[in-house]
Amino acid sequence: MALDKEMFKKELRQRLRENYAMELEDASEQEIFNTLGALVKARYSDAWGDTWKYYVNKKKKQVYYFSIEFLPGRMLKSNLLNLGMLDTAREALTDLGIDLDSLAEVEKDMALGNGGLGRLASCFMDSIASCGLPGNGNGIRYDYGLFKQRFVDGYQVELPDEWLQGGNIWEVRRESKAVDVRVGGHVYLAENSEGKLKPIYENERVLRAVPYDTGMVGFENNVVNTLRLWSVEIPDSEEDKYQSIQGRRELEDLTAVLYPDDSNEQGRLIRLTQEYFFVSAGIQSIIRRYKKRIGQPISKLSEYVSIHINDTHPALCVPEMMRILVDEEELSWEQAWDITVKVMSYTNHTIMAEALEKWSIDLMRRTLPRMYQIMEEIDARYVQTMRELHPHDLVERTRIIRNGQVHMAHLAIIGSHSTNGVAKLHSDLIKSVVLHDFYIIYPDRFNNKTNGVAQRRWSQIVNEPMSNVLDDVIGKTWRKDSGDLKLLMNYQSDQVVLERLAEAKKVNKQKLADYILEATDINVSTDAIFDVQIKRLHAYKRQLLNLLHIIKLYQDLKENPNVAMQKRVFIFGAKAAPSYHYAKVIIKCINEAARLINNDSDINDRIKIVFLPNYNVSLAEKIIPAADVSEQISLASKEASGTSNMKLMLNGAITLATLDGANVEIRDAVGDDNIYIFGLTEKEVYEYYENQEYTAQKIYDENAVIRRVLNAFIDGTIPNIVYEGREIFDSLIKYNDEYFLLRDFDSYVKAQEDIDKAYGDRTFWQKMSLINIANGGRFSSDETVRRYAEDIWKIEPKDSFVTEKG
Ligand code: GL4
């Protein structure tokens with residue numbers, strides 16, 4: 001039954017009394033938040049149980065999305081919205097003198113991911129449930145999420161993220177579903193009494209994997225799926241092995257922290273054990289459930305179960321499934337292999353060579369001896385089969401075990417029936433370059449699934465002012481079907497609508513300006529262009545190119561204070577992996593340039609730099625609705641897709657981009673006139689690689705503007721960066737500018753000048769902004785997961801049903 005405002009208030013008070021023996025007036029914000037969370041959870045717990053029963057009773061095929069990262073951020077408002085309770089909750093709380101938005105800030109971000117990859121997994125969880133698709137997440141419940149970032153003297157400092165401190169209201173610990181995972185020791189094969197070869201384990205360690213489940217609430221459809229995250233514990237049977245505190249700590253450390261590096265993994269033992277831990281626990285629980293609930297022979301597994309390998313971190317799904325089917329279920333190798341390949345599918349998320357995971361044979365053998373044996377067998381059989389079909393060197397290059405290393409991407413491709421990229425350009429590149437050898441061998445396995453974003457969160461929840469205008473202008477159907485945003489195209493010349501959208505943007509900018517003042521003490525004007533670059537700090541994403549342009553503007557203004565230009569606020573949000581030295585150097589330089597420019601009275605507030613610390617999902621929710629310009633300036637070919645580019649356009653920001661990742665599709669959606677494109681194309685980049693004719697020094701020698709900008713890093717113009725400035729300078733000149741910043745500089749400056757002019761023409765700008773909003777619907781993750789469901793997972797949505805309790 002729907003909860004009305006009065007009932008809501010009554011229930012909140014009653015629950016506070018029951019749980020804390022307190023009246024509302026005496027409760028802390030945390031206590032009220034926890035109580036509200038419990039109230040919300042109670043509203044979907046029936047549907048959660050019923051969804052599960054429905055899938056089992058109807059023997060629905062389900063997908064299990066295995067990902068070492070999930071990045072849901074805060075869940076209160078999203079759950080309220082999806083349950084249709086957001087307005088009621090807001091009004092009821094207002095009556096009680098509580099502001100929902102401030103209360104929501106009490107929730108700690110669930111930050112069990114680094115960036116785009118983990119956030120995509122969470123957008124998918126939302127969309128899978130909202131589309132009524134039978135799908136679950138499987139990952140790790142880290143005790144500490146991604147580190148908190150502070151700036152001290154302009155340098156990044158990392159602090160632990162103690163997200164579980166206030167308790168986690170959404171999760172349910174399921175002790176009874178725990179499973180054991182075996183690692184280390186030795187394994188050899190011996191005949192059992194029936195004459196079958198069976199693995200014998202010696203001196204292995206047994207880890208207990210305990211699942212914590214979180215309901216993934218679908219949008220107004222009574223569907224609640226499950227995100228299952230595993231935590232390590234010591235099994236009772238092993239208690240006596242862990243008598244020292246240090247021994248216990250070591251074991252418990254396994255799920256303590258998320259690796260803070262999103263694309264440059266170093267082969268560490270604990271990371272490999274993490275990967276196996278959640279893979280083994282997840283697959284064991286799937287098989288256990290299948291046997292108990294579905295009651296079909298194991299040979300039919302692929303008709304009921306699909307497993308998705310999100311990037312290579314869960315690639316051990318392949319040998320682990322083989323282990324269970326062969327060692328435990330006693331299927332033949334051939335039969336087990338056939339099932340495994342049908343069940344598994346894999347997404348590649350990057351072409352950066354350093355992120356293509358490899359493990360040394362030695363480490364693999366020591367840590368996961370049975371997995372290694374199985375991978376050796378897979379590899380040997382692969383070679384045997386392919387030798388007859390393909391040239392020797394091609395087969396050698398694509399082997400799983402090669403040059404002393406285990407290649408996880410090779411394992412994922414060979415052991416699954418589908419490999420996809422995450423934007424058209426990226427999928428083309430993996431076919432033609434990065435994984436070209438595999439494309440020759442398995443042409444039918446390759447496909448594209450362009451990323452998408454959870455549009456309800458990234459429009460309705462984060463941008464109420466814009467949403468209200470949209471409701472008035474095009475009706476409310478866009479809230480359910482974001483394709484209806486297209487209706488807005490009919491109003492591109494309607495002054496009133498354009499003005500109202502601009503007003504909404506202004507409200508969001510003021511809110512962000514208030515936050516900036518509070519967080520950094522910097523005063524910014526909402527008349528300025530809010531120019532935003534928010535993403536992990538990586539050389540290939542080229543935050544440095546953005547900085548070079550800012551320095552150029554600064555030098556222009558110093559030279560001639562009367563230069564005509566719009567006011568601009570350059571907003572950055574970016575964490576650097578703690579071990580990524582160069583990225584940290586860039587952070588320091590941006591912070592020092594900010595200090596210089598923001599305090600220079602000659603500049604007189606015409607340009608400002610704001611580097612907001614601790615970029616995370618919640619901060620993105622504040623920045624994105626307020627953005628005018630969306631910087632997507634990676635070197636073409638390097639960004640697999642990007643997803644903040646989609647969120648920003650959906651909120652009416654104009655994209656300034658290279659033709660990289662999904663930017664290409666954004667351009668196709670909005671048309672050339674409503675986006676600013678610059679720089680080398682991916683083809684030109686590859687030509688440079690082939691001809692090896694790029695010389696940064698030459699550009700520096702010939703281009704006076706560039707020379708002046710680069711010299712600012714070493715001649716004291718930007719203070720306090722004696723070492724960092726030199727490092728930047730050398731990376732560009734001495735080490736020949738790996739990401740072609742200098743080559744793209746002039747066309748970037750030109751595009752920025754065009755933006756400057758366009759912003760001066762209010763109507764022109766507003767119209768571009770409207771067209772971006774109207775075409776944002778194309779990048780909904782609802783659509784993306786439907787494509788995965790139809791083409792790869794072969795799962796069907798639930799027929800519409802009503803939970804038993806109504
Ligand atoms: C990433 C890509 O870098 C990013 O372009 C993409 O949008 C995201 C989701 O597909 O995956 N790959 C890795 S690794 N981290 C990412 O964010």
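Note that the structure is a prediction, hence the values are computed from the model and not measured. Order of appearance sets the numbers: ligands from 1, and atoms from 1 within every ligand. Numbers here simply count residues along the sequence, with the first being 1.
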Given His349, Met646, His538, which has its nearest heavy atom closest to atom 9 (C) of ligand 1?
His349
With the threshold set at 4.0 Å, does a side-chain nitrogen-carboxylate oxygen contact exist between Asp668 and Arg778?
no
Salt bridge Asp126-Arg456, side-chain N to carboxylate O under 4.0 Å
yes
Show me which atoms of ligand 1 lie under 4.0 Å from any heavy atom of Glu639.
2 (C), 3 (O), 4 (C), 5 (O)
Taking N or O atoms only and a 3.5 Å limit, does Leu120 qualify as a polar contact for ligand 1?
no
Measure Thr347 to ligand 1 on non-hydrogen atoms and call it side chain, backbone, both or neither using the 4.0 Å cut-off.
neither
N/O of Val422 under 3.5 Å from N/O of ligand 1, yes or no?
no
Hey, what's the ring geometry for Tyr686 with Tyr689, parallel, tilted or perpendicular (30° and 60° as the breaks)?
perpendicular
What atoms of ligand 1 come closer than 4.0 angstrom to any heavy atom of Tyr540?
3 (O)
Sub-4.0 Å heavy-atom contact, Gly661 with ligand 1:
no
Ligand 1 to Gly642, heavy atom cutoff 4.0 Å, flagged ligand atoms 4 (C), 5 (O), 6 (C), 7 (O)
Looking only at heavy atoms, the pair that brings Tyr615 and Gly573 closest together is CB-C, 3.7 Å
Quick check on contacts: which atoms of ligand 1 are under 4.0 angstrom from a heavy atom of Gly116?
8 (C), 9 (C), 17 (O)
Would you say that more than 12 heavy atoms from the other residues, nucleotides or ligands in this model lie under 6.0 Å from the NZ of Lys424, or not?
no
Could you tell me whether some N/O pair between Ser641 and ligand 1 is separated by less than 3.5 angstrom?
yes
Ion pair check, Glu158 and Lys148, cut-off under 4.0 Å:
no
Arg786 with Glu790: basic N within carboxylate O range, under 4.0 Å
no
